[in-house]
Amino acid sequence: MPTGIVGEFLDLKAETDADVLAMQCGDFYEFFADDAELVADELDLTVSQKSSHGSSYPMAGVPLTELTPYVKALVERGYRVAVADQYETADGHAREITRVVTPGTLLETADDDARYLAAIVRDGGRAGGTTGAAGEAAGSDDAGGPYGLALADVTTGRFLVTEVDDTSDLRAELYRFDPAEVLPGPRVRNDDALLGAVREDLSGSLSVFDAEAFAPGRASHAVREQFGRETADSVGIDSDLALRAAGAVLGYVEETGAGVLASMTRLTAYGDGDHVELDATTQRNLELTATMRGDRDGSLFETLDHTVSAAGGRLLREWLTRPRRDRGTLDQRLDAVEALASAALARDRLRETLGDAYDLERLAARTTSGSAGARELLSVRDTLALVPAMVDAVEGTALADSPVAAVLRDLDRDRARELHTELADALADDPPKTKTQGGLLRTGYDDELDELIASHEEAVEWLDTLAEREKRQYGLNHVTVDRNKTDGYYIQVGKSVADQVPEHYREIKTLKNSKRFVTEELEEREREVLRLEEARGELEYELFEELRERVADDAELLQDVGRVVAELDALASLATHAAGNDWTRPELTEERRLDVDAGRHPVVERTTDFVPNDLRLDDERGFLIVTGPNMSGKSTYMRQAALIQLLAQAGSFVPARAATVGIVDGIYTRVGALDELAQGRSTFMVEMQELSNILHSATADSLVILDEVGRGTATYDGISIAWAATEYLHNEVRARTLFATHYHELTTLADHLPRVANVHVAVDERDGDVTFLRTVRDGPTNRSYGVHVADLAGVPAPVVGRADEVLDRLREEKAIEAKGGSRGGGDDGDGGTGDGSGGAGTKQVVFDLSSGSFAGGNGGAGSEPGRAARSSENGSEPAGSAAEGTEASESNDSDERTAVPDDDRLDPETAAVIEELRGVDLAETAPVELISRVNEWQDRIGGDSV
Ligand code: ADP
């Protein structure tokens with residue numbers, strides 16, 4: 001075991017679970033052993049060898065004042081860095097760990113994005129699976145909730161808490177806030193599946209923190225300590241889980257010693273009532289903040305972002321990823337955007353003012369943590385100075401009577417002015433970067449300081465003019481007065497005149513060409529200068545600290561001003577984009593509809609000569625099946641719909657000539673999953689999980705976008721699933737839905753499900769050339785284009801010809817029935833029968849793929865058709881009264897087409913046999929046994945035995 005300095009290092013390292021330790025050794029921070037290697041690797045530091053008691057250890061160091069950038073670089077790479085400082089003791093010095101810098105508690109970040117530290121807590125009472133109300137999600141391991149979630153951005157003091165219902169909601173929140181560090185609670189910590197998922201979604205790191213901190217008593221104590229009992233009670237965290245998460249975050253921030261607790265002045269509890277459900281998949285699919293490939297460029301945020309301040313950018317991003325439902329909030333935002341959009345001059349003036357603002361939310365955190373220097377306080381001063389200009393730019397212009405003015409209304413302008421004056425009076429204009437060498441404060445700020453400065457300057461002046469005086473008085477040439485570390489102040493006289501010096505000169509050093517002397521008076525003055533220098537530095541620093549503390553006491557005001565800057569900036573940014581791109585104000589309504597006149601895709605329109613398209617979704621026409629060849633524009637059309645919906649609920653104008661937007665409670669998308677393929681996950685499984693989530697979560701007030709369902713499996717599987725999902729969404733969920741499919745067969749559903757309509761992206765086809773018109777028209781495409789595309793792509797003619805033949809044959813062999821929605825007879829709402837069928841109004845039809853039409857099967861009054869049936873594939877007929885299934889149209893057999901009847905209408909014996917037949921596990925049953933059982937069944941239902 002090494003002793004000495006390396007031993008001390010290793011001992012300290014053992015105390016912390018940080019990845020790296022930086023230990024102060026005099027004027028350096030040193031890393032030893034493995035840590036030295038790691039730091040050298042990551043940061044290009046030079047490693048030397050330190051010998052300690054016969055062994056030798058790698059060692060790397062950085063000067064005391066330069067630690068911060070190294071720590072920051074390490075933390076940004078995901079390491080947790082402990083810092084041990086050295087302090088004086090009676091018998092020398094000692095060292096202890098004073099803070100641990102982690103990704104979620106790093107203050108010194110250069111980038112403008114929010115930087116969240118998150119804690120997740122799950123109820124102790126039950127296991128990850130599903131019970132009770134959430135039971136319908138059984139079978140997926142996805143429920144798992146509820147969870148308490150707390151998110152703190154230590155760089156700005158934002159503190160959010162909430163409770164979410166299940167794992168999918170949790171992942172949506174984590175994706176949205178993208179925390180730099182996550183603290184899983186004691187139960188979450190052991191859930192490998194969940195941790196795996198979190199890891200996959202996030203770029204941040206997971207840290208294990210003391211389970212005790214998540215305990216209810218301790219956590220709620222921490223929250224009350226931090227925010228005061230009233231606040232903690234009044235913000236209405238009625239969720240114990242959320243409270244525990246909040247407590248854990250506070251505990252962690254305190255323990256790591258980031259010193260920013262004081263900047264967390266406000267606790268925001270957010271919950272269900274007002275947010276639009278937007279799961280992680282949908283946020284990704286809609287490319288809100290990054291494209292599917294992971295680039296920022298080309299995302300919705302990047303396209304819309306014209307903000308001029310860091311805080312404005314953060315807020316705009318939040319608006320886009322957290323759309324709202326509350327009409328009041330949205331209308332107010334829209335009013336403000338409208339006012340700003342139509343007042344170009346005022347808007348420009350406002351933006352110019354805002355552009356000069358520093359990041360007050362961040363500065364507030366730096367003042368409370370004590371890391372702000374004079375330059376930071378100057379930034380605070382200069383930003384506060386903008387308040388009157390901001391007010392002028394709003395109240396003195398066309399914006400005066402608009403809701404833009406409301407943003408400024410609650411701001412405590414008097415307090416802002418007072419604080420500004422105080423800073424302006426206190427701070428020197430060009431303070432040095434260091435805090436301890438004077439020059440921070442203005443003369444006139446403090447009398448005592450001014451006196452000290454005056455005396456100091458006087459004493460210095462005496463020293464400065466001493467050489468001149470001595471020259472004159474004693475007729476000495478070659479005299480200088482100077483100072484250095486070893487000799488202090490001295491009088492230096494050239495050798496040639498050294499013997500002419502007066503008697504009271506005392507020689508202290510002889511150099512080659514000169515001699516150095518001191519006098520008693522000089523020594524006295526020197527002591528005085530040093531004393532005054534020290535006193536001045538100390539007093540000034542003390543005064544500065546007091547000033548900073550007063551500013552820190554006003555952290556909330558700084559955050560308020562910061563928030564106002566952010567809000568004005570985000571609104572002005574939306575207005576700028578709207579005005580520059582001919583966007584229009586959406587009309588929000590509680591009605592269930594989405595009506596878009598000449599809509600465009602907000603991102604694609606920037607780079608393409610875009611062809612606008614209309615969209616109509618409402619109670620009569622709530623489900624659109626979108627068909628058209630590959631690359632014709634189906635996805636674009638559907639994403640455009642989702643983005644217009646989302647923009648409207650972010651309070652933004654939308655890219656359209658006109659839009660009436662019914663407020664939704666959620667936007668759900670499922671889109672061909674390129675990225676998942678790259679991650680090596682089974683696409684079909686992922687696709688089905690996403691579909692499952694949508695079918696469980698969407699409501700009649702949601703917007704659902706399905707871009708191909710069932711592609712990842714065999715055609716008949718795929719069609720069946722797409723078909724059944726359509727029925728379910730139409731009949732049960734009743735969400736507004738856009739469904740693009742290459743299963744041309746689905747278009748016939750429009751004839752039988754009342755709210756289903758077809759639209760297609762038109763193409764112009766001439767002489768075998770296809771031109772994409774990008775125009776969406778009513779009705780289905782008149783053909784399926786897959787084979788056509790193969791042809792266009794140059795697949796050899798015999799293959800294309802054969803493919804056409806095969807396609808025809810396949811169509812001949814299948815029939816599907818449609819389970820109709822309940823039309824008339826009143827809206828059955830959710831009083832359904834629970835087995836997924838529509839009840840009394842159910843229609844039963846059989847779709848014949850060979851003719852592309854439906855045959856008039858009729859389920860009979862009150863009867864209920866069975867599942868989508870496959871009719872006789874192998875020639876053996878369904879038993880009993882069931883009519884046979886569809887035959888190929890060329891077939892000379894009966895023309896009649898119906899489906900397998902419902903079990904209810906069979907005699908009990910036949911029904912029993914069918915039940916047994918369904919239950920047979922082919923993989924587990926020997927052929928001989930099968931034969932004997934078929935024999936038995938045939939006996940029981942009176943068929944021919946073998
Ligand atoms: P699909 O989903 O049918 O395969 P996409 O929606 O991916 O087709 O669109 C294919 C291409 O067509 C995209 O690159 C897009 O830029 C372009 N596009 C789509 N819709 C339009 C439109 N309305 N106007 C102009 N270009 C469009």
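- Salt-bridge annotation for Arg95 and Glu8: present, with a side-chain N of the basic residue lying under 4.0 Å from a carboxylate O of the acidic one.
- Side-chain contact check for Leu183 versus Leu117: some heavy-atom pair is nearer than 4.5 Å.
- Look at Glu181 and Arg115 and you find no salt bridge, because none of the NZ, NE, NH1 or NH2 atoms lies under 4.0 Å from a carboxylate O.
- A salt bridge links Asp35 with Lys13: at least one charged nitrogen is closer than 4.0 Å to a carboxylate oxygen.
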- Verify side chain to side chain contact (heavy atoms under 4.5 Å, CB included) between Arg527 and Glu524, making sure each step is shown before the conclusion. CA-CA 5 Å; Arg527 280 194 294 277; Glu524 201 172 292; 4.2 Å; yes

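- Heavy atoms only, all atoms of each residue included: Leu547 and Ala426 are closest at CD2-CB, 3.7 Å.
- Nearest heavy atom pair, residue Ala60 against residue Glu30, reads O-OE1, 3.1 Å.
- Panel note: side chain Arg80, backbone Ser207; no donor-acceptor pair is recorded below 3.5 Å.
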- Query: How far apart are the C-alpha atoms of Arg516 and Glu507, what are their side-chain angles, what is the distance that settles it, and do they pass the salt bridge (charged side-chain N to carboxylate O under 4.0 Å, His left out) test?
  - Reply: CA-CA 6 Å; Arg516 287 180 183 170; Glu507 187 178 325; over 6 Å; no

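- Two residues are said to be in side-chain contact when any heavy atoms from C-beta on lie closer than 4.5 Å; Thr256 and Val101 fail this criterion.
- Residues Glu448 and Leu539 meet the side-chain proximity criterion, which asks for heavy atoms closer than 4.5 Å.
- Across all their heavy atoms, Tyr79 and Pro103 have their closest contact at O-CD, 4.0 Å.
- Side-chain contact between Trp462 and Glu521: present, with at least one pair of heavy atoms (C-beta onward) separated by less than 4.5 Å.
- The minimum heavy-atom distance between Val154 and Leu107, with the atom names listed, is O-CD2, 3.7 Å.
- Lys515 places no side-chain N or O within 3.5 Å of a backbone atom of Gly494 that could act as its donor or acceptor partner.
- A donor-acceptor contact closer than 3.5 angstrom is absent between the side chains of Glu546 and Tyr541.
- Atom CD of Glu457 and atom CG of Leu452 lie 11.0 Å apart (nearest 0.5 Å).
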- Message: Between Leu532 and Ser455, is the side chain to side chain contact (heavy atoms under 4.5 Å, CB included) condition met? List the steps.
- Response: CA-CA 7 Å; Leu532 289 169; Ser455 319; 3.8 Å; yes

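- Salt bridge status for Glu418 with Arg415: present, with a side-chain N to carboxylate O gap under 4.0 Å.
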- Query: Can you list the steps and then say if Arg317 with Asp178 is a salt bridge (charged side-chain N to carboxylate O under 4.0 Å, His left out)?
  - Reply: CA-CA 12 Å; Arg317 185 189 159 112; Asp178 194 19; 5.0 Å; no

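- With no hydrogens or angles considered, no side-chain donor-acceptor pair links Asp382 and Ser379 at under 3.5 Å.
- Each of Asp359, Asp112, Thr156 was scored for a side-chain hydrogen bond (donor to acceptor under 3.5 Å, both in side chains) with Arg314, with one residue passing: Asp359.
- Under the 3.5 Å distance criterion, the side-chain polar atoms of Ser514 are left unmatched by any main-chain donor or acceptor of Thr510.
- Side-chain atoms of Leu315 and Arg563, non-hydrogen and from C-beta on, do get closer than 4.5 Å to each other.
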- Task: Give the intermediate values and the outcome of side chain to side chain contact (heavy atoms under 4.5 Å, CB included) for residues Leu360 and Gln559.
- Result: CA-CA 6 Å; Leu360 271 193; Gln559 287 167 345; over 6 Å; no

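- With no hydrogens or angles considered, no side-chain donor-acceptor pair links Glu376 and Tyr358 at under 3.5 Å.
- Judged purely by distance below 3.5 Å, without hydrogens or angles, the side chains of Thr480 and Asp482 never pair a donor atom with an acceptor atom.
- Side chain to side chain, Ser56 and Gln49 meet the donor-acceptor criterion of an N or O pair below 3.5 Å.
- For the atom pair CG (Asp430) and CG (Leu378), the distance works out to 8.5 Å, reported to the nearest 0.5 Å.
- Side chains of Arg362 and Thr155: a donor-acceptor N/O pair is present below 3.5 angstrom, by distance only.
- Put simply, the side chain of Arg413 never gets that close to the backbone of Pro388: no donor and acceptor are under 3.5 Å apart.
- When atom types are taken as modelled, the side chain of Asp450 and the backbone of Thr443 share no donor-acceptor pair closer than 3.5 angstrom.
- With values rounded to the nearest 0.5 angstrom, Asp412 atom CG is found 10.5 Å from Glu556 atom CD.
- Judged by distance alone, the side chain of Gln24 and the main-chain N or O of Gln86 form a donor-acceptor pair under 3.5 Å.
- Put simply, the side chain of Leu21 does not reach to within 4.5 Å of the side chain of Phe32, judged on heavy atoms.
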- May I have the step-by-step check of side-chain hydrogen bond (donor to acceptor under 3.5 Å, both in side chains) for Thr353 and Arg349, ending in yes or no? CA-CA 6 Å; Thr353 310; Arg349 196 171 133 200; 5.8 Å; no

- Give the C-alpha distance, both sets of side-chain angles, the deciding distance and a yes or no for side chain to side chain contact (heavy atoms under 4.5 Å, CB included) between Glu533 and His456. CA-CA 7 Å; Glu533 225 165 52; His456 178 242; 3.4 Å; yes

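- Going from atom CG of Leu250 over to atom CZ of Arg224 covers 12.5 Å, rounded to the nearest 0.5 Å.
- Counting only heavy atoms from C-beta outward, the side chains of Met390 and Val565 approach each other to under 4.5 Å.
- Of the possible donor and acceptor atoms, one in the side chain of Arg375 sits under 3.5 Å from a partner among the backbone N and O of Pro431.
- In this structure, Tyr252 has its ring center closer than 6.0 angstrom to the ring center of Phe209.
- In this structure, Phe9 has its ring center no closer than 6.0 Å to that of Phe31.
- Taking each heavy atom of Phe517 and Leu522 in turn, the nearest pair found is O-CD2, 4.4 Å.
- When only modelled atom types and interatomic distance are considered, Asp85 and Thr98 share a side-chain donor-acceptor pair under 3.5 Å.
- Using a 4.0 Å cut-off between a side-chain N of Lys or Arg and a carboxylate O of Asp or Glu, Asp429 and Arg381 qualify as a salt bridge.
- A distance-only check finds a donor-acceptor pair linking the side chain of Asp569 to the backbone of Ser309 [under 3.5 Å].
- Of the possible polar contacts, one joining the Glu526 side chain to the Tyr489 backbone as a donor-acceptor pair under 3.5 Å is found.
- Arg417 and Thr421 share no donor-acceptor pair across their side chains, judged by distance under 3.5 Å alone.
- A salt bridge links Asp487 with Lys509: at least one charged nitrogen is closer than 4.0 Å to a carboxylate oxygen.
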- Please lay out, stage by stage, how Phe159 and Phe227 fare under the test ring pair (Phe, Tyr, Trp, His ring centres under 6.0 Å). CA-CA 11 Å; Phe159 200 105; Phe227 300 105; 5.3 Å; yes

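- For the residue pair Val81 and Ala18, the shortest heavy atom distance occurs at C-CB, 4.3 Å.
- Checked by atom type and distance alone, the side chain of Asp446 pairs as donor or acceptor with a backbone atom of Leu449 at under 3.5 Å.
- Salt-bridge formation is not detected for the pair Asp425/Arg442: no Lys NZ or Arg NE/NH1/NH2 atom is positioned less than 4.0 Å from an Asp or Glu carboxylate oxygen.
- Side-chain contact between Val83 and Leu67 is present, with heavy atoms from C-beta onward closer than 4.5 Å.
- One finds a salt bridge joining Glu422 and Arg550 here, because a Lys/Arg side-chain nitrogen approaches an Asp/Glu carboxylate oxygen to under 4.0 Å.
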